[in-house]
2 protein chains.
Amino acid sequence: MTQTATRETALKEAEAACLRRGATLTPLRRQVLELVLDADAPVGAYALLDRLKATRPGAAPPTVYRALDFLLEQGLIHKLERLNAYIGCTDAGHGHAHDHHHPHQFLICRTCGATTEITDHGVAHAIEAAARRAGFALAEATVEIEGTCARCLA
Amino acid sequence: MTQTATRETALKEAEAACLRRGATLTPLRRQVLELVLDADAPVGAYALLDRLKATRPGAAPPTVYRALDFLLEQGLIHKLERLNAYIGCTDAGHGHAHDHHHPHQFLICRTCGATTEITDHGVAHAIEAAARRAGFALAEATVEIEGTCARCLA
DNA sequence: TGCACTCTGAGATATTATATCATCGAGCGA
DNA sequence: TCGCTCGATGATATAATATCTCAGAGTGCA
């Protein structure tokens with residue numbers, strides 16, 4: 001499966017997911033999503049803005065941030081807090097109708113910057129258990145694992 | 001044990017830890033650490049800067065950020081990535097001599113802002129296992145769990 | 001038509017963090 | 001003692017990230 005194919009698939013799924021939820025994936029939002037998906041590593045908001053300006057000269061920071069907020073709410077992208085950057089969700093649309101989010105974790109390579117989203121149920125369960133023991137009602141957990149990826153280790 | 005007592009204990013342990021490692025806890029660094037410990041929730045760098053200015057009128061952003069960098073390296077404080085804020089480490093000095101860091105997680109209450117550091121080995125092990133399965137050499141993991149704390153639920 | 005609502009444009013501003021160069025003093029060897 | 005290096009701090013400027021506010025355009029609908 002080529003990169004282009006996964007990109008198109010992701011866009012199709014994004015449209016379907018928005019449709020199901022009554023959310024509107026406008027051309028602008030769709031374009032920002034494409035820009036995020038096209039990047040091969042997490043992208044910063046201002047990098048997206050620069051690219052957006054190529055076709056939309058009037059674009060300003062709120063243009064990008066509003067689109068990013070929408071995409072985050074819909075679970076179509078994630079924010080990497082340690083990098084202040086954004087990345088496409090690898091299984092958007094797999095969330096519930098009411099909660100578009102799903103437990104996920106990131107592996108961030110310090111050497112090459114490659115960032116991989118995983119959904120590890122062991123981690124998710126351990127976090128749920130820890131929250132429960134503390135009498136804490138879990139809403140969402142950020143898990144960002146930094147280190148060196150398999151490719152860079154080889 | 002009163003808050004003041006834990007504060008003094010933490011400061012003593014910080015001094016001892018720096019001594020052991022050949023690091024210098026200068027008056028400025030110590031003062032910034034005190035400011036972080038005195039706050040009852042995570043504090044932003046510029047909030048610290050304002051407080052620092054009360055006794056050190058010439059203080060500027062680098063003044064604070066350099067101190068924070070030092071304290072982070074020594075494992076005396078942690079950064080909350082989701083909040084862009086800093087908090088005292090609850091068991092500084094328990095790290096190894098070579099690696100001042102220890103696995104830890106945060107529980108962040110969205111209602112009252114209270115943030116609790118925990119060291120849950122279940123979570124730590126699950127993360128190690130997930131990294132290993134991906135052939136990924138773990139360096140450090142950020143775990144920030146958002147939700148509602150026990151007090152706010154009651 | 002008139003109204004409510006959502007989305008976008010446009011400009012200003014707020015917040016968080018870093019780069020750069022100068023200065024100062026402690027330690028240390030010639 | 002002199003001069004050197006090095007770590008820490010002072011001081012100024014700037015970069016990078018994110019939000020606020022007001023206005024206008026389009027859409028759906030009573």
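Because only heavy atoms are used, hydrogens play no part in the values below, and waters and symmetry mates are left out as well, while side chains stay in. In this text, all values refer to a predicted model and were calculated from it rather than measured experimentally. Every chain is numbered from 1, with letters handed out A, B, ... down the list of sequences.
Listed pair B:Tyr65 / C:dT18 fails the phosphate criterion, with no side-chain N or O lying under 4.0 Å from OP1 or OP2. In this structure, B:Arg56 reaches the D:dG10 phosphate: one of its side-chain N or O atoms is under 4.0 Å from OP1 or OP2. Between A:Lys79 and D:dA18 there is a side-chain N or O to OP1 or OP2 distance below 4.0 Å. Between B:Tyr86 and the phosphate of C:dT16, there is no side-chain N or O to OP1/OP2 separation shorter than 4.0 Å. In terms of phosphate contacts, A:Asn84 brings a side-chain nitrogen or oxygen within less than 4.0 Å of OP1 or OP2 of D:dA18. In terms of phosphate contacts, A:Thr26 brings no side-chain nitrogen or oxygen within less than 4.0 Å of OP1 or OP2 of C:dT6.
Nearest nucleotide to the B:Leu28 side chain, out of C:dT16, D:dG10, C:dG9: D:dG10. You'll find that the side chain of A:Pro61 is closest to D:dA18, out of C:dG9, D:dA18, C:dT18. Which of C:dT8, C:dG11, D:dT9 sits closest to the side chain of A:Arg29 comes down to C:dT8.
Across all strands, A:Ala60 comes closer than 4.0 Å to no nucleic acid atom at all (heavy-atom distances). Contact annotation for B:Arg66: base contact, defined as any heavy-atom pair under 4.0 Å involving a base atom. As judged by a 4.0 angstrom heavy-atom cut-off over every strand, A:Phe70 is placed among residues making no nucleic acid contact.
We find that the ring of A:Tyr46 and the base of D:dT17 stack, their centres lying under 5.5 angstrom apart and their planes tilted less than 30°.
Within the 4.5 Å cutoff, the side chain of B:Val143 has no heavy atoms near those of the A:Thr142 side chain. Between A:Thr115 and A:Pro42, the closest side-chain pair of non-hydrogen atoms falls below 4.5 Å.
Atom pair A:Leu52:CG and C:dG9:C1' shows a separation of 12 Å (rounding to whole Å applied). The CG-C1' distance, from B:Asp50 to C:dT16, rounds to 13 Å in whole Å. Look at CD on A:Gln31: it is 17 Å from P on C:dC7, rounded to the nearest Å. Taking atom CG on A:Asp69 and atom C1' on C:dT8, their separation rounds to 14 Å, with Å as the unit. In this structure, B:Leu49 places its CG atom 14 Å from C1' of D:dT9, rounding to the nearest Å. With rounding to whole Å, B:Arg82 atom CZ is found 15 Å from D:dA18 atom C1'. Atom-to-atom, CG of A:Leu68 to P of C:dC7 comes out at 15 Å; the value is rounded to the nearest Å. Computed from coordinates, the A:Leu83 CG to D:dA18 P distance equals 11 Å when rounded to whole Å.
A salt bridge is absent between B:Asp38 and B:Arg51; no separation between the charged side-chain nitrogens and carboxylate oxygens falls under 4.0 Å.
In this structure, B:His102 has its ring center under 6.0 Å from that of B:His78.
Linking Ile, Leu, Val, Met, Phe, Trp and Tyr whenever their side-chain heavy atoms come within less than 4.5 Å puts B:Val64 and B:Leu25 in one cluster.
Residue order along DNA chain D, read from the 5' end via each residue's closest nucleotide, puts B:Thr24 first among B:Ala59 and B:Thr24.
Note that the CZ atom of B:Phe70 and the CG atom of B:Leu28 stand 10.5 Å from one another [nearest 0.5 Å].
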